[in-house]
Amino acid sequence: MSAPTEPTVTTTEELSKEQEIFNARLKKAEELRSRGVNPYGNGYEVPHTTGEVTSALGALATSEEVEKASGSYTLAGRVLANRTFGKAAFLKLRDRDGDLQVWVKKDVLGDQAFELYKLADLGDIIRVQGTCTRTKTGELTLLARELQLLTKSLRPLPEKWHGLSDIETRCRQRYLDLIVTPGVKETFVKRFKIVRGIQRFLDERGFIEVETPTLHKPEEAGGAAARPFQTHHNALDLELKLRIATELHLKRLVVGGFDRVYEIGRIWRNEGIDRRHNPEFTTIEFYWAYATYEDLMRLTEGMLETLAREVTGSTTVSFQGQAIDFTAPFPRVSMVDQVAKQLGLSREETLAGKGLKEAIAKAAAGETDRELTAILEHAATKATAGEMIARAFEAVGEPKLPKDRPAFVTDFPIEVSPLARKRDCDPRVTDRFELFCAGMELANAFSELNDPLDQRQRFERQVELAREGDAEAMPYDEDFVRALEHGMPPTAGEGIGIDRLAMILTDSASIRDVVLFPLLRPVPKGTAGKPPGGDQAG
RNA sequence: GCGCCGUUAGCUCAGUCGGUAGAGCACCGGCCUUUUAAGCCGAGGGCCGCCGGUUCAAUUCCGGCACGGCGCACCA
């Protein structure tokens with residue numbers, strides 16, 4: 001944790017470059033102390049930001065206009081560039097709003113303060129006070145009359161032009177990535193706006209935000225098809241699992257009278273890591289009593305259109321070179337009809353499983369794409385028509401979904417929807433949709449199953465599946481059924497993947513780019529962040 | 001879990017048909033009071049990811065491992 005308090009005794013010849021810089025900066029910190037300056041001082045007021053300066057003076061074109069209009073500003077931030085000219089220098093100062101050039105002149109600052117300035121390094125946090133002008137090249141610049149060093153940086157920043165490009169380093173040392181990689185901070189600001197936008201949208205419609213447990217007893221860890229992480233509570237000697245969804249607790253709350261309720265929260269799924277998956281991720285789940293999944297489609301369209309406009313400034317969003325139009329309404333695609341059409345069957349034949357396996361096998365044989373063939377072959381091995389339909393859709397349906405629009409996929413078979421209400425006019429399908437966008441599943445929603453007897457049967461089927469070796473089957477949540485037995489109003493509920501939504505609205509190719517600290521394997525020897533001077537120094 | 005690719009200075013990257021390495025930026029010293037990747041002069045800085053094999057000699061060739069990237073599988 002702690003850096004060495006003394007420069008290490010190692011001779012110069014033996015020091016790495018980083019250790020050399022570290023020790024040299026440590027010496028400067030000591031030099032500052034000897035001059036009565038605490039290199040880690042506090043209590044300095046910072047009344048202004050670079051943003052306030054640029055919005056007040058940015059429109060004024062000449063140095064005369066700027067100087068006439070400029071008040072005195074006191075700013076603080078990190079030094080990101082330092083171009084020196086002996087008795088003057090230009091610094092690039094960054095605060096929470098952005099960057100501003102600071103002009104340090106010996107005759108303006110005074111000899112003593114200028115000597116202190118010379119002990120500043122790239123990466124240090126400084127505070128400056130002065131008035132603004134425009135330089136010969138027209139850049140709005142604060143001419144410093146006072147300068148204090150607030151925090152000494154001991155390690156060098158990455159190279160200023162290319163920045164950090166190694167993705168591993170960017171994620172492990174996100175603090176550096178945020179400083180030197182353009183756009184990273186903005187991405188996470190946009191993510192914040194997405195979350196706030198969702199909250200505002202739902203709050204305006206009478207929804208209440210709640211928090212439910214993330215530590216689940218084994219029988220509670222349902223609500224999705226996924227493998228949970230396991231943990232243990234010592235005092236209770238209790239086996240626990242990290243939640244894989246917020247669904248079942250939120251529906252308990254609907255039973256309890258929270259007719260419109262939502263939770264934005266972290267969930268964990270013990271699965272692989274790739275461009276679209278991080279083992280911990282954030283969902284918004286919301287439950288709306290007396291509504292149906294049809295209402296949810298309209299709400300979702302309105303929400304996403306609003307978010308796109310708020311976050312990107314347009315309802316058409318560019319994602320990885322593809323324009324995606326979020327203008328409501330979004331197209332709807334029936335999973336069953338699409339599979340039927342592609343396989344040359346009728347809707348009824350498909351739902352009844354009549355010739356379905358043969359048709360899928362035939363399609364697999366005729367498919368040239370190796371991956372799609374594998375999906376179809378796998379689909380043909382499923383036990384029920386519903387599972388075959390859902391699986392076959394991945395091969396024959398998903399690739400045909402519109403690329404320039406989000407699309408609702410409807411008509412999910414009951415076998416793959418253990419918590420969804422079955423359709424009144426055809427119990428083989430559910431009142432459910434998934435929203436697909438940019439090739440990703442973005443949302444999953446349905447009219448909730450509120451018939452406790454039906455729910456019991458669905459759980460029993462999940463238990464059977466688990467017994468047959470399905471690691472992702474849900475446990476039987478007895479208390480949840482008990483809650484339904486008290487009566488849950490007809491309700492529609494939806495879950496949206498915040499991370500994936502953030503990917504799309506920030507044009508990020510990987511979930512890594514919208515998660516501040518994505519899970520990575522640990523570095524074996526722990527070389528990153530090791531203080532110079534050997535282990536005893538740390 | 002599988003396949004392909006990568007790992008060289010603090011950072012971004014060259015390079016060595018096998019003879020222990022270079023550039024730019026950063027850093028250090030010198031000059032410079034309007035710079036924009038400032039400029040000029042000079043000096044440092046490397047277990048060439050790790051382990052093993054072949055070889056007189058390996059950063060380079062071969063094998064294994066670690067970490068990462070992309071794709072697949074799994075999944076939201």
Side-chain angles (χ1 to χ4, degrees), chain A residues 12-25 27 63 80-92 99 101-109 114 121-123 133-139 141 143 154-173 176 180-181 223-227 244-245 267-283 285 370-371 374-375 378 394 434-437 439-444 471-472 495-501 503 509-512 518 520-525 527-528 532:
Chain A
T12 308
E13 293 77 38
E14 290 169 335
L15 293 180
S16 74
K17 191 68 208 178
E18 192 172 14
Q19 288 171 324
E20 189 187 317
I21 291 169
F22 192 95
N23 289 344
R25 292 186 172 198
K27 271 184 191 156
S63 55
L80 292 183
N82 184 14
R83 294 181 280 274
T84 65
F85 291 84
K87 296 185 184 66
F90 292 94
L91 314 182
K92 183 158 88 177
D99 299 344
Q101 179 162 269
V102 173
W103 191 359
V104 173
K105 295 177 78 172
K106 193 176 182 183
D107 55 356
V108 175
L109 199 59
F114 194 77
D121 287 296
L122 239 43
T133 183
R134 275 195 192 279
T135 60
K136 194 169 72 181
T137 51
E139 180 157 349
T141 299
L143 181 58
L154 299 178
R155 292 184 188 271
L157 286 172
E159 194 251 356
K160 63 186 171 188
W161 187 241
H162 301 91
L164 277 179
S165 72
D166 179 59
I167 290 164
E168 185 179 353
T169 309
R170 288 184 49 205
C171 292
R172 288 191 203 279
Q173 294 177 259
L176 287 181
V180 302
T181 309
R227 298 165 70 168
I244 57 172
I267 64 175
W268 292 265
R269 296 187 185 175
N270 207 336
E271 283 148 7
I273 299 171
D274 64 30
R275 209 147 51 98
R276 298 176 191 83
H277 299 86
N278 193 55
E280 54 180 314
F281 62 106
T282 303
T283 59
E285 282 194 35
R370 226 186 44 201
E371 294 155 28
I375 295 173
H378 188 211
E394 292 176 29
E434 283 188 354
L435 180 66
F436 281 79
C437 186
M440 293 188 286
E441 187 195 323
L442 199 58
N444 180 24
E472 293 174 352
I496 301 174
I498 298 285
D499 310 84
R500 289 181 174 181
L501 181 57
M503 284 171 66
S510 170
I511 197 167
R512 253 187 345 243
L520 298 175
R521 278 191 171 82
V523 181
K525 292 181 84 178
T527 48

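Sequence lines set the chain letters: A, B, ... in the order given, protein chains first and strands last, and positions in each chain run from 1.
Across all strands shown, B/C70 forms a Watson-Crick or G-U wobble pair with B/G3, both key distances being under 3.5 Å. The partner of B/C65, taking Watson-Crick or G-U wobble pairs whose two distances both stay under 3.5 Å, is B/G49. Remark: B/A37 base-pairs with no nucleotide; criterion is Watson-Crick or G-U wobble with both hydrogen-bond distances under 3.5 Å. Pair assignment for B/G19: B/C56, on the basis of Watson-Crick or G-U wobble contacts that are both within less than 3.5 Å.
A gap of 38 Å separates the P atoms of B/C51 and B/G42, to the nearest Å. Between B/U20 and B/A58, the two C1' atoms lie 9 Å apart (nearest whole Å). A gap of 9 Å separates the P atoms of B/G49 and B/U59, to the nearest Å. With P as the reference atom, B/G45 and B/G22 are 12 Å apart, rounded to whole Å. Comparing the P positions of B/U12 and B/U7 gives an interatomic distance of 12 Å, to the nearest angstrom. On the P atoms, B/C61 is 15 Å away from B/C48, given to the nearest whole Å. Taking the C1' atoms as reference points, B/C50 lies 33 Å from B/A43, given to the whole Å. One C1' atom belongs to B/C25, the other to B/G1, and the distance between them is 41 Å to the nearest Å.
For A/Arg512, a side-chain nitrogen or oxygen approaches OP1 or OP2 of B/G69 to under 4.0 Å. In terms of phosphate contacts, A/Arg275 brings no side-chain nitrogen or oxygen within less than 4.0 Å of OP1 or OP2 of B/C70. Between A/Arg83 and B/A38, a side-chain N or O to OP1/OP2 separation shorter than 4.0 Å is present. The side chain of A/Lys160 places no N or O atom within less than 4.0 Å of a non-bridging phosphate oxygen (OP1 or OP2) of B/A37. The side chain of A/Arg521 places an N or O atom within less than 4.0 Å of a non-bridging phosphate oxygen (OP1 or OP2) of B/G68.
Residues satisfying the side chain to side chain donor-acceptor pair (under 3.5 Å) criterion with A/Arg25, sequence neighbours excluded, are A/Ser153. Partners of A/His162 according to the side chain to side chain contact (heavy atoms under 4.5 Å, CB included) rule, which considers only residues two or more places apart in sequence or in another chain, are A/Glu159. Every side chain to side chain contact (heavy atoms under 4.5 Å, CB included) that A/Ala225 has, sequence neighbours left out, goes to A/Glu472. Scanning for ring-ring contact (aromatic ring centres under 6.0 Å, His included) contacts around A/Phe114 gives A/Tyr117, with sequence neighbours left out. Applying the side chain to side chain donor-acceptor pair (under 3.5 Å) rule to A/Thr169 yields the partners A/Asp166; only residues at least two apart in sequence or on another chain are considered.
Within the 4.0 angstrom heavy-atom criterion, no nucleotide atom of any strand lies near A/Leu442. The residue A/Thr283 sits apart from the nucleic acid: no heavy atom pair falls under 4.0 Å. Counting any heavy atom pair closer than 4.0 Å across all strands shown, A/Asp499 reaches no nucleic acid atom. Using a 4.0 Å heavy-atom distance criterion, A/Ala225 is classed as a sugar-phosphate-only contact. Note on A/Glu434: nothing from the nucleic acid sits closer than 4.0 angstrom, heavy atoms only. Within 4.0 Å of A/Asn278, counting heavy atoms only, lies at least one base atom of the nucleic acid.
Between A/Glu18 and A/Arg155 a salt bridge is recorded (basic side-chain N to carboxylate O distance below 4.0 Å).
Side-chain N or O atoms of A/Asp499 include one that pairs as donor or acceptor with a backbone N or O of A/Thr282 at under 3.5 Å. The backbone N or O of A/Glu441 sits less than 3.5 Å from a side-chain atom of A/Arg500, completing a donor-acceptor pair.
Atom CD1 of A/Ile273 and atom P of B/A73 are 18 Å apart (whole Å). Taking atom CG on A/Leu80 and atom P on B/A26, their separation rounds to 13 Å, with Å as the unit. If you take CG of A/Leu154 and P of B/C27, they are 15 Å apart, rounded to a whole angstrom. Here the P atom of nucleotide B/A73 and the CG atom of A/Asn270 are 20 Å apart, to the nearest Å. Rounded to whole angstrom, the span from the CZ atom of A/Arg170 across to the P atom of B/G69 amounts to 11 Å. Following rounding to the nearest Å, A/Ile244 (CD1) and B/C74 (P) show an atom-to-atom distance of 18 Å. If you take CG of A/Leu176 and P of B/C25, they are 21 Å apart, rounded to a whole angstrom. When rounded to the nearest whole Å, the span between CG of A/Leu520 and C1' of B/G69 equals 11 Å.
Residues A/Arg500 and A/Asp121 both approach RNA chain B. Their nearest nucleotides, taken by heavy-atom distance, put A/Asp121 toward the 5′ side. RNA chain B is contacted by both A/Lys106 and A/Ile167; A/Lys106 maps to the nucleotide lying nearer its 5′ end (nearest heavy atom per residue).
Stacking of A/Trp161 onto the six-membered ring of B/G24 is not present when judged by under 5.5 angstrom between centres and under 30° between planes. Stacking between A/Phe85 and B/U33 is absent: the aromatic ring centre is not both under 5.5 angstrom from the base six-membered ring centre and within 30 degrees in plane angle.
Interface remark: the A/Glu139 side chain does not form any donor-acceptor pair with the B/U34 base, using a distance-only criterion of under 3.5 Å.
Annotation: the span from A/Arg170 atom CZ to A/Leu176 atom CG amounts to 11.5 Å, rounded to 0.5 Å. The distance from the OG1 atom of A/Thr283 to the CD1 atom of A/Ile496 is 9.5 Å, given to the nearest 0.5 Å.
Candidate nucleotides B/A26, B/C74, B/U34 were compared by shortest atom distance to the side chain of A/Thr135, and B/U34 ranks first.
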Between protein and nucleic acid, restricted to nucleotides 4-12 of chain B and to nitrogen or oxygen atoms under 3.5 Å apart, what atom pairs and distances do you find?
from: B/C11; atom 1: O2'; to: A/Glu159; atom 2: N; distance (Å): 3.3
from: B/C11; atom 1: O2'; to: A/Gly163; atom 2: O; distance (Å): 2.8
from: B/U12; atom 1: OP1; to: A/Ser165; atom 2: N; distance (Å): 3.1
from: B/U12; atom 1: OP1; to: A/Asp166; atom 2: N; distance (Å): 3.2
from: B/U12; atom 1: O3'; to: A/Ser165; atom 2: OG; distance (Å): 3.1

